[in-house]
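Here the structure comes first, spelled out in C-alpha cells, and everything after it is commentary.
Counting starts at 1 for both ligands and their atoms, following the listed order. What you see is a predicted model, and the numbers here were worked out from it, not measured in a lab.
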Amino acid sequence: MSRLIVVSNRVNLPSGDGEESVGGLAMALAAALKEYSGIWFGWSGKTTDTFTGGLNIETVGGVTAATVDLEEVDLDEYYNGYANKTLWPLFHYRNDLAAFDRAFDKGYTRVNERFARTLAPLIEPDDIIWVHDYHLIPLAKELRALGIKNRIGFFLHIPWPAHQVMINLPRHRQLVEAMFDYDLVGFQTAEYQQAFEEYVLSEADGSILRPGCVKGFGRVLEVGAFPIGIDAEDFARMKKSARARRMRDLMTACTVFRHLIVGVDRLDYSKGLEERFLGFEQFLQRNPDLRREVLMLQIAPVSREAVEAYQEIRGRLDGLSGRINGEFADVDWAPLRWVNRNYRRDELAGIYGAARVGLVTPLRDGMNLVAKEYVAAQNPEDPGVLILSRFAGAARQMPDALLVNPNSPEEVADALKRALAMERPERIRRWTSLFESVEREDVAAWRDAFVEALIGNPAKARPALVI
Ligand code: ADQ
C-alpha cells in the first residue's frame with residue numbers, strides 16, 4: 001500500500017523497552033506506525049538561531065523519523081504561544097486562561113508554512129498524509145499552496161468546543177476554513193463532530209450534505225468520529241512483565257490493609273487535579289471510619305513549564321496536598337501521596353494493577369487514555385473500579401465506569417465511597433464490559449478506521465468547489 005506520512009508537533013520514536021516519554025498522542029502514534037512503513041515528521045524539540053529547514057533523519061524499527069529544528073521565537077509564539085496559550089485553553093473551555101496575541105497567530109502561521117516547505121519535498125505522489133492535533137490545523141492549506149495534491153487527513157486529539165466558545169477566538173473563521181483543505185477531519189467523539197458541524201452551519205453558510213459530509217465556505221469536507229484507544233495487546237504484555245509485577249508488589253506492600261486510589265495525569269489544569277483533591281478531602285471529612293482504609297496516590301509529571309498557568313497549578317496543588325495531609329495524617333499514615341515524576345509504562349501498569357480505584361476526573365478531555373490503561377491493567381478476577389469524568393471523551397465508550405461530574409467534590413466523594421464498598425461480582429461485571437470495549441476499540445482499530453476512511457474517498461475533486 002501507499003506510504004503513510006504522519007505529521008505531529010513532536011516525534012517520539014518508540015524505544016520498545018517501556019521507556020517511552022509521557023503523552024497520549026505520542027503513545028498512540030508510536031503504536032499506529034508500528035504496522036506501516038512510513039515517515040513521521042515533526043519538530044525535533046531543538047532550536048537554532050536561524051531556521052534552515054535542514055532535516056534530521058533517523059530510522060528505528062521500520063519507521064523513519066524526519067525532524068526539523070525551529071527558532072526560539074517559533075517556540076515562544078507557535079508552541080508555547082498559539083498552541084498552548086490560545087488553542088489549548090480555549091478548546092478546553094478555559095477562555096479565562098486563553099491569551100489572544102497577534103504575534104502568536106503569526107508565529108503559528110509561520111511554523112505551519114515552515115513545516116509545509118520542509119515536508120513537501122519528501123512527499124511522493126501516492127503517499128497519504130495524516131496530520132495530528134491543534135498545533136497543525138493550517139498545515140494542509142500550506143501544503144496545498146505548494147501544489148501537494150495527495151490525500152491529507154487531520155485528527156484532533158482534544159475536544160472541539162461549542163460554537164459560542166469557538167467564536168471567542170479572533171480569526172476563528174480563517175482557522176476553520178483552513179480545515180476544508182483536508183480530505184477528512186476526525187474527532188474523538190460524535191459530540192465534537194456535531195459541535196464542529198454546528199459551527200459550520202452557523203458561521204460558514206454551511207449545510208450537512210449527508211452524514212459525515214459537511215459543506216461550508218462553499219467547499220465540502222468529510223468528517224467523522226474516531227475514538228482513540230490504547231495498544232491493548234502491548235499493555236497486556238507489559239502488565240505481566242517483571243517490572244510491572246515488582247511495582248505491583250511494592251504498591252501492595254505499602255498499602256497493606258488499605259485500598260489504593262490512583263490518579264495519573266500530566267500536570268495540566270484540564271485534568272481537574274484541584275477538584276479531585278477537594279473531592280478526596282470531602283471523602284475523608286465525611287467518612288471518618290474509612291479514612292485509614294485508603295491511600296490516594298496522584299502521579300502528575302510537570303508539563304509545558306514555560307506556560308505560566310502550568311507553573312501556578314503546581315503551587316496550588318502543593319498547597320492543597322499539604323493541607324489535606326496536615327489535617328488528616330497520623331504518625332504512621334498520610335492519606336495523600338503527590339508525586340511529580342514520570343514512570344516507565346510497565347511500572348505504571350503495575351501501579352494501576354495494585355489500585356482498587358482509578359480516579360480519572362478531567363474537567364475536559366478529548367478522550368483520556370489513562371482510563372483505558374487502568375482498565376487494561378486490572379486483574380480480571382478481582383478488578384478495581386474506574387471513576388470517570390462525564391467530560392472525558394472516554395465516558396461515551398465507558399458507561400460502566402462510575403461517571404461523575406468532576407466539578408462536584410460531593411459527587412467525587414460519593415463515588416469513592418461507592419467504589420470502595422462495591423462487591424466483587426459487580427466489579428467483575430462492570431470491568432468485563434469496560435475491558436471488552438478497551439480491547440475492541442484499541443489503537444489499531446482507531447488507526448485502521450481513520451486510514452480507511454481517508455483512502456476510501458478518492459473521488460473528491462480539488463479545489464473542492466460546490467455549486
Ligand atoms: P494527554 O492530555 O496527554 O493526551 P491522556 O490521553 O490521558 O492525556 O494520555 C496521557 C498518557 O501519558 C497516558 O498514556 C499515560 O500513561 C501517560 N502518562 C501520564 N502520566 C505519566 C507518568 N507520570 N509517567 C509516564 N507516563 C505517564 C491528549 C488528549 C487526550 C487524548 C490523547 C490521545 O488531551 O484527551 O486521549 O491526546 O488522543
Closest heavy-atom pair and its distance - A99, T86
O-OG1, 2.5 Å
Would you say ligand 1 has an N or O under 3.5 Å from any N or O of K271?
yes
Here the atoms of ligand 1 under 4.0 Å from any heavy atom belonging to V264 are 19 (C), 20 (N), 21 (C)
Enumerated ligand 1 atoms positioned under 4.0 Å from heavy atoms of R266
1 (P), 2 (O), 3 (O)
Would you mind running through ligand 1 and noting each atom that sits below 4.0 Å from a heavy atom of V370?
7 (O), 15 (C)
Could a heavy atom of Y134 be found less than 4.0 Å from some atom of ligand 1?
no
Just to be sure I read this right, does ligand 1 sit under 4.0 Å from the backbone of I230, its side chain, both, or neither, counting only heavy atoms?
neither
I want to check something: taking the side chain as every heavy atom from C-beta on, are L386 and V360 in contact at a cut-off of under 4.5 Å?
yes
If you draw the axis of the six-membered ring of W130, does the NZ or CZ of R447 fall within 45° of it and under 6.0 Å from the ring centre?
no
When only distance counts, is L369 in polar contact with ligand 1, meaning an N/O pair under 3.5 Å?
yes
Less than 3.5 Å between some nitrogen or oxygen of M367 and one of ligand 1, yes or no?
yes
Which distance, rounded to the nearest 0.5 Å, do you find between the CZ of F100 and the CG of N95?
5.0 Å
Hey, which atoms in ligand 1 end up nearer than 4.0 Å to a heavy atom of E373?
13 (C), 14 (O), 15 (C), 16 (O)
Would you kindly check if the NZ (Lys) or CZ (Arg) of R341 is within the cone defined by 45 degrees around the ring axis of Y343 and under 6.0 Å from the six-membered ring centre?
yes
In ligand 1, the atoms that come under 4.0 Å of a heavy atom of W88 are 34 (O)
Using salt bridge (Lys or Arg N to Asp or Glu O under 4.0 Å) as the criterion, list what pairs up with E191, not counting sequence neighbours.
R396
All pairs passing ring pair (Phe, Tyr, Trp, His ring centres under 6.0 Å) where residues 293-316 contributes a residue, at least two apart
Y269-Y310
Mark up the atoms of ligand 1 that fall under 4.0 Å of a heavy atom belonging to R341, in ascending order.
23 (N)
Contacting atoms of ligand 1, where contact means under 4.0 angstrom from a heavy atom of I299:
23 (N)
Per-atom contacts of ligand 1 with Y352, taking only distances under 4.0 Å to non-hydrogen atoms:
16 (O)
Interatomic distance, CG@L267 vs CD1@I299, rounded to 0.5 Å, equals 13.0 Å
Relative to the ring of F235, is the ring of Y352 parallel (under 30°), tilted (30 to 60°) or perpendicular (over 60°)?
tilted
Between I158 and ligand 1, does any nitrogen or oxygen pair lie at a separation below 3.5 Å?
no
